[in-house]
Chemist: 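The following block contains the structure, expressed as structure tokens.
Owing to the predicted nature of the structure, the values given are computational and were not obtained by experimental measurement. Note that the numbering runs from 1 along the sequence shown for the chain.
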Amino acid sequence: MPLIVLPTSQLLWVRVAALLFTCVAFSVAAHGALLPHGGMADWCIFCWAFSFACTLLVLLVEQFGLQARAPVSWTNFPITIACYASLLCLSASIIFPVYFLRDQRIYGDYWDYRIASTVFSCLAAVAYMGEVSLTKARPGEVAGYMATAPGLMKVCQTFVACIIFILVSDPVSYNYHAALKWCMAVYCICFILSMVVVVLCVGECTGWLPISFSKFLSGYGLLAVIMYLTATILWPVFQFDKQYHRGQATTRMIAVAVLTALNFLLYVADLAYTARLVFVSA
């Protein structure tokens with residue numbers, strides 16, 4: 001029996017394409033794009049490098065047939081990585097041109113390198129979205145939880161929450177009123193619980209819960225919807241109403257309000273899917 005298995009499939013080529021695109025994106029940006037140190041430049045490099053490293057790990061494990069020896073659930077781990085990578089590369093594809101192409105007086109090779117990184121970042125995001133589309137559960141198919149619509153929405157919820165944390169932390173914009181502190185508590189509590197679900201599924205630890213996993217999901221989903229509903233209402237009221245706040249509505253705070261509403265909709269959809277999802281553990 002050969003030690004290395006090299007199947008040719010659409011999923012394999014999509015992963016190889018994502019690996020190459022992310023490698024080119026961060027290599028070109030680090031080599032000749034003349035990026036400043038710190039800030040959004042480091043974030044974009046991290047997005048590409050993290051996605052590249054995780055995709056390389058998935059490819060090596062699958063090509064060497066080591067899925068059974070992996071300390072994680074291989075029905076949940078690859079699609080979770082692909083979903084996070086697609087969101088990371090998508091964010092880098094938006095942030096990089098906004099910060100390093102728009103209104104920049106840089107010409108010649110530096111400009112070309114930055115354009116190349118942007119193009120390959122967009123290609124990587126498309127490739128990862130393709131991988132998610134190929135590996136997500138189909139109706140009636142037995143699959144891991146992270147391959148279902150609620151599982152993928154958990155990834156989106158945690159990612160949106162991370163962006164909110166970045167926007168409200170520099171400068172701190174939630175500490176001058178109790179209602180805004182409550183909103184921050186909502187973001188933190190729901191983020192932690194969503195990450196707990198992701199970790200439990202990827203680590204095959206759902207049996208550790210003192211109650212059934214389905215009951216935990218339903219109860220947590222209902223709680224998250226109620227909490228995010230309050231944050232969706234309170235954040236714009238106490239952030240933009242002159243009666244409570246004398247400052248002007250900044251772009252960051254408007255973005256937080258939009259992302260809060262987006263996460264609220266994600267939790268509503270998650271609860272609706274969870275209520276009717278018949279989950280069969282593989």
Chemist: CD1/I95 to CD1/I163 distance, rounded to the nearest 0.5 angstrom?
Modeler: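 So the gap between those two atoms works out to 7.0 Å.
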
Chemist: With side chains defined as the heavy atoms from C-beta onward, is the minimum distance between W48 and S117 less than 4.5 Å?
Modeler: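 Result yes, sub-4.5 Å side-chain heavy-atom pair found.
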
Chemist: Quick check: do F26 and S51 have side-chain heavy atoms less than 4.5 Å from each other?
Modeler: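 No, side chains not in contact.
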
Chemist: Going through the distances and angles, do L87 and C156 end up as a side chain to side chain contact (heavy atoms under 4.5 Å, CB included)?
Modeler: CA-CA 8 Å; L87 294 171; C156 295; 4.2 Å; yes

Chemist: Applying salt bridge (charged side-chain N to carboxylate O under 4.0 Å, His left out), which residue pairs with at least one partner in residues 145-161 are found, sequence neighbours left out?
Modeler: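 Those involving residues 145-161 are K154-D270.
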
Chemist: To the nearest 0.5 Å, what is the distance between CD1 on I226 and CG on L229?
Modeler: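 That separation rounds to 8.5 Å.
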
Chemist: Any side-chain heavy atom of Y228 within less than 4.5 Å of one from C190?
Modeler: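 The answer is yes; the side chains approach within 4.5 Å.
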
Chemist: Measure across S91 and C47 and return the closest heavy-atom pair with its distance rounded to 0.1 Å.
Modeler: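 Result for this residue pair: OG-SG, 3.9 Å.
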
Chemist: Considering residues at least two apart in sequence or located in another chain, which fulfil the side-chain contact (heavy atoms from CB on, under 4.5 Å) criterion with C188?
Modeler: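 C188 satisfies side-chain contact (heavy atoms from CB on, under 4.5 Å) with F165, M184 once adjacent residues are dropped.
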
Chemist: Taking all non-hydrogen atoms of both residues, which atom of M146 and which atom of L152 are closest, and how far apart?
Modeler: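 Looking at all heavy atoms of both residues, the closest pair is O-CD2, 3.4 Å.
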
Chemist: Flag the pair W74 / E62 as yes when at least one side-chain heavy-atom distance between them is below 4.5 Å, and no otherwise.
Modeler: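 A side-chain contact exists here, since the closest heavy-atom pair is under 4.5 Å.
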
Chemist: Are any non-hydrogen side-chain atoms of L193 and V197 less than 4.5 angstrom apart?
Modeler: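 In short, these two side chains do not touch, never coming nearer than 4.5 Å.
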
Chemist: If I take atom OG1 from residue T232 and atom CG from residue L265, how far apart are they, to the nearest 0.5 angstrom?
Modeler: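 The distance works out to 7.5 Å.
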
Chemist: Tell me the closest heavy-atom pair linking T22 and C89, and the distance in Å.
Modeler: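 Result for this residue pair: CG2-SG, 4.0 Å.
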
Chemist: When you compare the side chain of V132 with that of Y128, does any pair of heavy atoms fall below 4.5 Å?
Modeler: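 When only atoms from C-beta onward are counted, V132 and Y128 do not touch, as no gap falls below 4.5 Å.
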
Chemist: Please examine the side chains of W43 and L88, heavy atoms only from C-beta on, and report whether any two atoms are closer than 4.5 Å.
Modeler: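 Counting from C-beta outward, L88 and W43 do come under 4.5 Å.
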
Chemist: How far does CG of L200 sit from CE of M195, to the nearest 0.5 angstrom?
Modeler: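 Spacing of CG (L200) from CE (M195) equals 10.5 Å.
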
Chemist: List the steps, then state whether side chain to side chain contact (heavy atoms under 4.5 Å, CB included) holds for I189 with I192.
Modeler: CA-CA 5 Å; I189 293 171; I192 292 172; 6.0 Å; no

Chemist: Could you see if L234 belongs to whatever hydrophobic cluster contains F240? Use Ile, Leu, Val, Met, Phe, Trp, Tyr and a side-chain cutoff under 4.5 Å.
Modeler: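 Yes, it is one cluster - the side chains of L234 and F240 are joined through contacts under 4.5 Å.
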
Chemist: Looking at side-chain heavy atoms only, is the closest gap between L12 and L59 below 4.5 Å?
Modeler: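 Yes, side chains in contact.
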
Chemist: Any idea which heavy atoms bring T80 and N76 closest together, and the distance?
Modeler: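 Nearest heavy atoms, T80 then N76: OG1-O, 2.6 Å.
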
Chemist: Report the C-alpha separation of F213 and Y145 in whole Å, then their side-chain angles, then the decisive distance to 0.1 Å, and conclude whether the ring-ring contact (aromatic ring centres under 6.0 Å, His included) test is met.
Modeler: CA-CA 11 Å; F213 187 55; Y145 178 79; 5.5 Å; yes

Chemist: Work out which heavy atom in W235 is nearest to a heavy atom in M253; give both atom names and the distance.
Modeler: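 It is NE1-O, 3.4 Å.
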
Chemist: Would you please test T260 and V256 for side chain to side chain contact (heavy atoms under 4.5 Å, CB included) and show each step?
Modeler: CA-CA 6 Å; T260 301; V256 171; 4.0 Å; yes

Chemist: So, taking the atom named OG in S169 and the one named CD1 in I164, what distance separates them when rounded to the nearest 0.5 Å?
Modeler: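 Answer for the OG-CD1 pair, S169 versus I164, is 11.5 Å.
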
Chemist: For the residue pair W182 and F238, is the inter-centroid distance of their aromatic rings smaller than 6.0 Å?
Modeler: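 Here the rings of F238 and W182 have centres that are no less than 6.0 Å from each other.
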
Chemist: With under 30° as parallel and over 60° as perpendicular, where do the rings of F216 and Y220 fit, or are they tilted in between?
Modeler: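 Parallel: the ring planes of F216 and Y220 meet at under 30°.
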
Chemist: Grab the two heavy atoms, one from L271 and one from S218, that are nearest each other, plus how far apart they are.
Modeler: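 Shortest heavy-atom separation between L271 and S218 comes out as CD1-O, 3.9 Å.
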
